[in-house]
Protein chains: 2
Amino acid sequence: MGSPARPRLRRKEARPGELLSAALDTFREKGFAATRMDDIAARAGVSKGTIYLYYPSKEAVFEAMVRANLLPNIERMEAAIADEERSSADRLRLLVTAFGEIAGDARLVAVPKLVLAEAGNFPEMARFYRHEVIGRALSLVSGVLEAGMAHGEFRRLDAALTARLFLAPVIVAALWQTTFVPVEDAPVPPADLLRLHLDLFLRSIAADASGGAP
Amino acid sequence: MGSPARPRLRRKEARPGELLSAALDTFREKGFAATRMDDIAARAGVSKGTIYLYYPSKEAVFEAMVRANLLPNIERMEAAIADEERSSADRLRLLVTAFGEIAGDARLVAVPKLVLAEAGNFPEMARFYRHEVIGRALSLVSGVLEAGMAHGEFRRLDAALTARLFLAPVIVAALWQTTFVPVEDAPVPPADLLRLHLDLFLRSIAADASGGAP
DNA sequence: CCTAAATGACTTACCAGTCAGTCATTCCAG
DNA sequence: CTGGAATGACTGACTGGTAAGTCATTTAGG
């Protein structure tokens with residue numbers, strides 16, 4: 001028993017990231033309230049006091065964790081449609097693929113789910129997430145939709161509403177994944193669902209009645 | 001100061017319902033962990049001890065509250081398509097309307113959101129909800145879809161997947177409503193969103209009138 | 001050595017759950 | 001009717017356990 005799991009290390013640079021990563025995994029498993037600072041510390045291989053060297057409170061850890069996971073998501077999305085050469089339909093296809101990858105990554109998806117669950121207790125963060133992540137995703141999609149409409153590729157529709165309809169199945173797939181898959185044995189392959197979604201969606205917004213796909 | 005707010009009343013019959021209603025409103029505002037039994041009691045105009053006359057624990061209150069809000073939802077849904085005379089498209093239209101009403105009722109929608117948020121801590125309840133509410137909603141929709149396909153009204157598609165795509169925007173609208181509307185000032189009218197959804201969805205699954213290409 | 005990062009025992013606050021006592025209501029005896 | 005005894009719904013101070021946050025001490029690393 002006497003063997004100390006690890007000698008105490010001093011890693012001023014790496015700590016904050018390690019702590020937030022441990023925090024994400026712990027919040028993901030138990031939710032905000034049921035997570036103890038000792039849990040996070042143990043997972044990061046550190047004692048509780050160490051967390052307080054870097055963050056002033058549990059809430060601060062939570063907020064920092066959410067912020068740390070904003071940029072990667074946004075960048076993935078924006079990278080997915082950087083290619084301006086493609087047709088609007090192709091760009092939507094790429095977007096669905098990119099979102100599908102995010103939706104399949106349980107660790108990434110945990111963040112919005114936590115924001116959702118804690119919106120009542122962290123209204124400021126909810127507003128922030130609403131604008132910085134969801135707002136950007138919506139603009140991204142409606143930008144592509146408007147381009148397609150201007151180009152005559154898609155019918156004229158309310159781009160803001162249509163963008164929401166485009167994203168809805170992705171969001172539901174993501175939430176489903178984190179909520180029910182750990183609890184039951186018959187998962188629906190998100191890839192199949194999203195392929196069908198793209199097919200139906202493109203058909204429903206296509207400009208001419210006689211099909212759109214080349 | 002001496003004035004007692006209210007004389008103590010004895011209402012053995014009405015209490016359980018009043019307690020669950022107070023519990024719903026409190027859980028809705030703060031989430032499960034952050035609500036205190038004293039909060040629920042105060043909202044119900046009762047002392048904390050009284051709750052324990054009717055429910056053995058905080059978790060029991062939560063579970064009872066969820067169960068109490070199952071049946072109304074299911075019955076609303078099933079009533080919405082009871083009319084077997086109509087076309088499948090019309091029945092989908094009625095379903096969207098019914099779901100839209102549920103989605104617009106912030107109190108009702110809070111329940112699935114709480115289930116979602118607490119699925120990790122109440123796996124049994126998550127499974128239960130998955131089967132008794134979501135499962136039933138999915139069968140309802142896929143039943144209508146299959147009837148429409150058999151009738152030649154809709155294209156042949158995977159009914160289970162398509163049903164999920166049909167429900168996704170309703171679910172997202174509901175979650176949006178409870179999460180972001182209290183936090184910002186520019187709500188999207190769910191009615192507009194769902195009307196567009198129905199339009200696009202029906203178009204995407206319609207059998208090709210002009211003998212089009214698959 | 002010296003500094004500052006890391007530790008973990010300690011303090012403090014909070015809250016689920018308990019239970020001895022209170023009082024509104026009912027119901028019979030006179 | 002009436003009053004007072006019995007009932008049991010209701011109360012709220014209290015307990016025990018838990019966990020956030022602190023800080024005097026320890027020790028890695030330069």
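Numbers restart at 1 for each chain; the letters A, B, ... are given by sequence-line order, proteins then strands.
- Comparing C:dT7, D:dA20, C:dA5 by their nearest atom to the side chain of A:T50 picks out C:dT7.
- Atom-to-atom, CD1 of A:I51 to C1' of C:dA5 comes out at 14 Å; the value is rounded to the nearest Å.
- Distance from the side chain of A:M37 is smallest to D:dA20 among C:dA16, D:dA20, D:dT11.
- Among the nucleotides D:dT22, C:dT18, D:dC10, the one closest to the side chain of A:K48 is D:dT22.
- Set against C:dC15, D:dG21, D:dC10, the side chain of B:R36 has C:dC15 as its closest nucleotide.
- A cation-pi arrangement is absent between A:R67 and A:Y129, since the terminal nitrogen or guanidinium carbon is not both under 6.0 Å from the aromatic centre and inside a 45° cone about the axis.
- Between B:Y54 and the phosphate of D:dA9, there is no side-chain N or O to OP1/OP2 separation shorter than 4.0 Å.
- The phosphate of C:dA16 has OP1 or OP2 within less than 4.0 Å of a side-chain N or O from B:K58.
- Counting heavy atoms from C-beta outward, A:M65 and A:L114 have side chains that approach closer than 4.5 Å.
- By the 6.0 Å and 45° rule, B:K58 stacks over the aromatic ring of B:F32.
- Salt bridge B:R43/B:E29: present, at least one basic N to carboxylate O contact under 4.0 Å.
- Which of D:dA9, C:dG17, C:dA6 sits closest to the side chain of A:R15 comes down to C:dA6.
- Toward the 5' end of DNA chain D, the nearer of the two residues A:E59 and B:S47, judged by each one's closest nucleotide, is B:S47.
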